[in-house]
Amino acid sequence: MNNKVNVRFAPSPTGVLHIGSVRTALFNWLYARHNNGNFFLRIEDTDKLRSTDENTKLIFKILEWLQINWDGEPVIQSSRMDRHKEVALDLVARGKAYYCYCTPEELASKKEYCLRENKPYKYDGKCRNGNTNHDLNIKPVIRLKSELDGFTVVNDMVQGEVKVNNSQLDDLVLIRSDGTPTYMLSVVVDDHDMNITHVIRGDDHLTNTFRQIQIYKACGWDIPKFGHIPLIYGPDGAKLSKRHGAASAIDYMQLGYLPEAISNYLLRLGWSHGDEEIITRENAIKWFDFNSVGKSPSRFDMAKLQNLNAHYIKERNNESLLEYALPFFKCELTEENKKNILKGMNSLKERAKTIVELADSSLIYVKAPEIYDDKCSKYATSNHLELLREIITKLNNAEFSTNEEELCNSIKEFANLRNVKLVEIAQAIRGALCGKLASPSVFEIISIIDKEETIKRLNSFVDHYSK
RNA sequence: GUCUCCUUAGUCUAGGGGCCUAGGACAUCGCCCUCUCACGGCGACAACACGGGUUCAAAUCCCGUAGGAGACGCCA
């Protein structure tokens, strides 16, 4: 039990789950599974004003979507406030923390002074509990009495040895004046109580780590190992955020990215295993380790994600793909529709980069085009229309079958006879069937939607452009 | 401003002193395939931030410089 690896993912529900956080979750999860350890989930909702149930539910939803399963029940941090306070009080009792009565004004001027003089903000006698010089109407905060001399060293699994002079560390607040514990305190207490052995989180927490180590030391607790993974940047090199477009995990879900594509992409962002690009879950678990986690931050590249997504779309079987795509259709599908889409799926899926695109292109098996793309007019000259009329007649007379291969041969022959290129006829048919000039094979489409529907669409097209 | 971290093509990366005329992938471009668009196949373009050392030998080790990022809350 004692040497078992315990990691946690500790998002705060103060906003929608960031895609960078998802990668943190993934790395934690992989590390746990690689080591046969536990992956715990903790919701850090101590900021009651900004935390919402909705965001919490979203965290569960995204993790489930990505099949990042957690062990045990999620820990709700706010429910552990009493424990956090208890630790703070104990620290005060043991002289490791103190009540600070500084008013916000005093604090501001003091801070300004420290900033100007380039000194860290440290406790002084004036802030001590029991100081009668101070107005006891002021509600105090509890601050940690941090070390003044020496260094604090983190032996980070990613960043290596990182050292900071203790003179840089300030006396952080443990308990706010309203009596609630701060993040710094809660994290340390919870990680300790949950027996967390490895804290894997975003690089933006690296400097917090020094301060948290001070808390561990004051409490006399074992310090876990830390791994700070580099952040994900936007295309401009700054921390990926909403202004870069899709920054939240839910965005990618709605944009039609498959969970396996997201996982694979996120895994390769900052981690590698030789030349491997397409990595299965099994191999990810087998191969994942911190030696191969890069130190430098990486930029989010939508094009590569799309490429991966296209790969995984092709890899999925047709039934599961349709099932997955169902919510992306803006209209109801009949069983007949589904059957036809499934028939055409092999051709549809190799063209789609996202599920949104897949659902959109599947519409050719659901209904006739409502509008024709402007480019269609190029294949709607009187000559084209005349050819289409002939084809309609031949279909009606059963001179042309709707068997894909037979029809293909017949039309080729027909083109030859009329002395036009096949592309001229095919494109005209395509325009009529799809309303646009890019689609799977027209012969395949006809074989699926069958004679009646084909003739209907061809007639509409001819009518439309005859006017 | 202070502290901390980072730096191989447009992007993700391989690389651990000689296997490097720097490998793979995405993107881009070209050719082939072809009823369109894709898929697929073949090919091209394109990088060790800069400057000094150390060494017979440096992308790799050391020192500077420059650039970028993160943290400096009674947010998490």
Side-chain angles (χ1 to χ4, degrees), chain A residues 10-15 44-47 49-51 77 100 102 104 107 111 114-116 118-121 139-143 154 156 158-160 162-165 167-170 172-178 180-184 186-187 202-211 228 230-231 233 235 237-239 265 268-278 292 294-308 310 314 346-353 361 379 408 411-412 415 421-431 434 436-443:
Chain A
S12 82
T14 51
E44 307 217 316
D45 59 342
T46 53
D47 184 346
L49 277 176
R50 293 193 298 144
S51 299
Q77 190 162 59
C100 170
C102 285
L107 212 58
K111 214 166 162 192
C114 290
L115 220 57
R116 179 159 26 91
N118 193 14
K119 289 177 179 162
Y121 170 61
K139 287 189 162 187
V141 299
I142 296 180
R143 286 183 186 275
V154 178
D156 197 270
V158 178
Q159 308 292 343
V162 186
K163 196 161 85 169
V164 76
N165 197 314
S167 67
Q168 293 297 326
L169 271 22
D170 60 356
L172 62 275
V173 173
L174 263 19
I175 302 287
R176 302 185 188 101
S177 54
D178 69 357
T180 59
T182 59
Y183 160 80
M184 285 295 172
S186 307
V187 177
D203 201 15
D204 48 344
H205 285 288
L206 185 59
T207 49
N208 282 336
T209 307
F210 300 111
R211 313 210 285 168
H228 288 92
L231 299 179
Y233 291 174
K239 207 171 165 180
Y265 179 70
R268 279 288 289 103
L269 219 49
W271 177 87
S272 63
H273 186 79
D275 284 342
E276 301 289 340
E277 295 289 346
I278 306 292
S292 324
K295 287 181 166 192
S296 54
S298 37
R299 299 182 187 207
F300 198 91
D301 182 16
M302 204 62 122
K304 189 149 185 173
L305 207 211
Q306 275 201 356
N307 176 274
L308 238 22
K314 285 193 269 283
N346 281 340
S347 306
L348 292 171
K349 74 178 180 184
E350 71 180 23
R351 270 155 252 261
K353 290 212 185 313
S361 63
Y379 296 96
C408 179
I411 298 270
K412 275 180 182 167
K421 286 190 172 156
L422 179 60
V423 61
E424 297 295 325
I425 296 177
Q427 284 299 68
I429 296 176
R430 195 181 320 276
C434 310
K436 54 186 183 185
L437 297 180
S439 80
S441 155
V442 291
F443 309 117

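Reminder, nothing fancy here: chain letters follow the sequence lines and each chain counts from 1.
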Nearest listed nucleotide, side chain of [X], among [options]:
{"X": "A:Glu350", "options": "B:C39, B:U36, B:C35", "value": "B:C39"}
{"X": "A:Leu422", "options": "B:U7, B:C35, B:A25", "value": "B:C35"}
{"X": "A:Lys353", "options": "B:A76, B:C39, B:U13", "value": "B:C39"}
{"X": "A:Val164", "options": "B:C74, B:C12, B:C3", "value": "B:C3"}
{"X": "A:Ala438", "options": "B:U36, B:C75, B:C12", "value": "B:U36"}
{"X": "A:Arg143", "options": "B:A76, B:C35, B:C74", "value": "B:C74"}
{"X": "A:Glu277", "options": "B:A27, B:U36, B:A25", "value": "B:A25"}
{"X": "A:Gln168", "options": "B:C3, B:C26, B:U7", "value": "B:C3"}

Could you check whether [X] gets within reach of a base, just the sugar-phosphate, or nothing at all, counting any heavy atom under 4.0 Å?
{"X": "A:Leu437", "result": "base"}
{"X": "A:Gly270", "result": "sugar-phosphate"}
{"X": "A:Phe443", "result": "base"}
{"X": "A:Val442", "result": "base"}
{"X": "A:Gln159", "result": "sugar-phosphate"}
{"X": "A:Asn208", "result": "base"}
{"X": "A:Ser12", "result": "sugar-phosphate"}
{"X": "A:Leu231", "result": "sugar-phosphate"}
{"X": "A:Ser439", "result": "base"}
{"X": "A:Lys412", "result": "sugar-phosphate"}

task = Determine: side-chain N/O of A:Thr46 to OP1/OP2 of B:A76, distance under 4.0 Å, yes or no.
result = yes
Between P of B:A38 and CG of A:Asn307, the distance in whole Å = 14 Å
If the [atom1] atom of [N] is compared with that of [M], how far apart are they to the nearest Å?
{"N": "B:U8", "M": "B:A14", "atom1": "P", "result": "10 Å"}
{"N": "B:G52", "M": "B:U60", "atom1": "P", "result": "14 Å"}
{"N": "B:U4", "M": "B:C63", "atom1": "P", "result": "15 Å"}
{"N": "B:C39", "M": "B:C61", "atom1": "C1'", "result": "47 Å"}
{"N": "B:U7", "M": "B:A59", "atom1": "C1'", "result": "12 Å"}

inquiry  = If you assign A:Lys163 and A:Ser441 each to the RNA chain B nucleotide with the nearest heavy atom, which residue ends up on the more 5' nucleotide?
reply    = A:Lys163
task = Answer yes or no: is there an ion pair linking A:Asp170 with A:Arg211, defined by an N-O contact shorter than 4.0 Å?
result = yes
ask   = When rounded to the nearest 0.5 angstrom, what is the spacing between OG1 in A:Thr180 and CG in A:Leu174?
value = 11.5 Å
